Amino acid sequence: MVPLRACHRLVRLRGVPSWLHPPLPTTITMAAPQPGCKTLRPSISSRNSPTPSFSSSPPRTSTPHSLSAFSPSAALSPASAAGPAPKRFRTMATDAAAPPASAGCSAMKAEFARHTEYLNALNDKRERLVKASRDVTMNSKKVIFQVHRISRNNKEEVLSKAENDLAAVVNQHIGKLVKELQGTDFWKLRRAYTFGVQEYIEAATFCRFCKTGTLLSLDEINDSLLALSDKSVEPLQINVLDYILGVADLSGELMRLAIGRISDGEVEYAKDICSFVRDIYRELTLLVPLMDDNNEMKKKMEVMLQSVVKIENACFGVHVRGSEYIPMLGSSAEPDYAFFGGADYD
């Protein structure tokens, strides 16, 4: 026979498995116990006794039972009630004993500090080279513009001033490149100064052709730079690629010079320019296929071919129609409109 109180509890726990039923408490704690003091608490000596009896005993550290504490998850994983398990860190065992952490960190910091110092110095040098190369480019263009002012009457004067300006470019601006690139850095930092060197080669070869009608060689250019270098270190030497790229740019300036000489009536001088540019193009045509996929040189070869065609067309037109073209270019004060197919105007 089941007591009535137990029946009510079984009704409340309906739907809960029997193995999850909490045990019935035998004691009820009325107040929180104080440490070191005796506590009077009611206790039920028997389930059927209606009046509680008070007993003097040390407090029990029992947790009141509740239905929430007996969830299926808590019953299946008893370790979860005590909190998550502590994480275990993975370690790697080595045969040799590792050095102290402080010594290893200091050595690594020192190594990275050396690399940082080297890269900062290299970047600063690159910036100085870019600025010096820009100055070389600007002043070399001024020399080229000066040479284009040449004519029959002022040839010696214009060439003399152009040579003086070119010497100033070498002493002031090329000298900065030489000082920065002494040693082996001129191979490492070539892209920082190559455009200025190409422009200088174009200006130097242009002046040499206008003066003597010949091409300035690479050895002559490098010999002129030895005086600016320190003899204790490896001097700056312009490489063959930069020299060829500068000579390829020379064809454009010679094309402009030839057209200008034809307009002044110097047809023979224009023919000499045409022959000179044609020889350069023929020699470079044999050399470019041997170069390792240099896209910059291929583009310059296309521009050089266009310059050769323009000079040849101008010289061909003068040669074929010279009888009617040259008088119009003469120094006669009276205009001649016969070339245009019309009669002279009063």
Side-chain angles (χ1 to χ4, degrees), residues 84-143 166-204 218-246 248-249 291-300:
K87 186 176 180 181
R88 298 179 61 184
F89 296 96
R90 296 182 178 181
T91 59
M92 181 180 295
T94 56
D95 296 337
S102 59
C105 292
S106 60
M108 184 178 296
K109 289 182 179 180
E111 186 68 21
F112 273 98
R114 287 193 294 269
H115 289 301
T116 302
E117 183 179 357
Y118 171 76
L119 291 177
N120 289 335
L122 187 64
N123 289 332
D124 293 341
K125 179 179 288 189
R126 182 182 288 108
E127 292 298 327
R128 293 192 298 268
L129 289 176
V130 169
K131 184 179 183 304
S133 176
R134 188 164 54 246
D135 295 338
V136 172
T137 302
M138 180 180 60
N139 290 276
S140 298
K141 286 184 179 296
K142 291 181 180 180
V143 174
L166 189 63
V169 172
V170 173
N171 295 327
Q172 297 178 7
H173 305 291
I174 298 291
K176 294 181 181 179
L177 292 178
V178 173
K179 293 179 181 179
E180 292 289 344
L181 296 173
Q182 290 180 350
T184 59
D185 288 340
F186 58 86
W187 298 108
K188 188 184 304 180
L189 301 173
R190 175 183 171 272
R191 298 298 300 175
Y193 66 89
T194 177
F195 301 105
V197 170
Q198 293 177 24
E199 197 69 28
Y200 165 72
I201 292 174
E202 182 182 357
L218 177 60
D219 294 336
E220 294 177 345
I221 296 177
N222 287 329
D223 292 341
S224 64
L225 299 179
L226 291 177
L228 303 175
S229 303
D230 188 1
K231 296 181 180 180
S232 60
V233 295
E234 184 177 358
L236 171 64
Q237 296 291 297
I238 297 176
N239 56 66
V240 179
L241 180 58
D242 291 338
Y243 174 76
I244 294 176
L245 292 173
D249 292 334
M291 303 176 67
D292 297 333
D293 295 334
N294 196 312
N295 296 326
E296 187 177 3
M297 189 63 196
K298 292 179 180 179
K299 294 178 181 179
K300 289 182 182 294

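What you are looking at is a predicted structure, and each value in this text was computed from that prediction instead of being measured.
With hydrogens and angles ignored, the 3.5 Å screen pairs no side-chain donor or acceptor of T194 with any backbone N or O of R191. Checking side-chain atoms of D249 against main-chain N and O of E199 turns up no donor-acceptor pair under 3.5 Å. A donor-acceptor pair under 3.5 Å is absent between the side-chain atoms of S133 and the main chain of L129, judged by distance alone.
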Does the pair K131 and R134 meet the rule for a side-chain contact (heavy atoms from CB on, under 4.5 Å), with working shown? CA-CA 5 Å; K131 184 179 183 304; R134 188 164 54 246; 3.9 Å; yes
Begin from the C-alpha positions of I244 and L218 and carry the test side-chain contact (heavy atoms from CB on, under 4.5 Å) through to its verdict. CA-CA 9 Å; I244 294 176; L218 177 60; over 6 Å; no
Show your reasoning for whether side-chain contact (heavy atoms from CB on, under 4.5 Å) applies to I221 and Y200. CA-CA 10 Å; I221 296 177; Y200 165 72; 4.1 Å; yes
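Shown here for N222 and I238, the closest heavy-atom pair between the two residues is OD1-N, 2.9 Å.
The CG atom of L181 lies 10.5 Å from the CZ atom of R128; values are rounded to the nearest 0.5 Å. Between R190 atom CZ and L241 atom CG the span is 4.5 Å, to the nearest 0.5 Å. If you take CD on Q198 and CD1 on I201, they are separated by 7.0 Å, rounding to the nearest 0.5 Å.
Between Q237 and L226, the closest side-chain pair of non-hydrogen atoms falls below 4.5 Å. A heavy-atom distance below 4.5 Å is found between the side chains of L122 and K188.
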Sequence neighbours left out, cut at 3.5 Å: what donor-acceptor pairs do the side chains of residues 169-176 make with other protein atoms?
from : atom 1 : to   : atom 2 : distance (Å)
N171 : ND2    : A167 : O      : 3.1
H173 : NE2    : N139 : ND2    : 3.2

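Heavy-atom contacts from other residues, nucleotides or ligands closer than 6.0 Å to CD of E117 number 12 or fewer.
Legend: residues meeting side-chain contact (heavy atoms from CB on, under 4.5 Å) with K299, ordered by chain and number and at least two apart, are absent.
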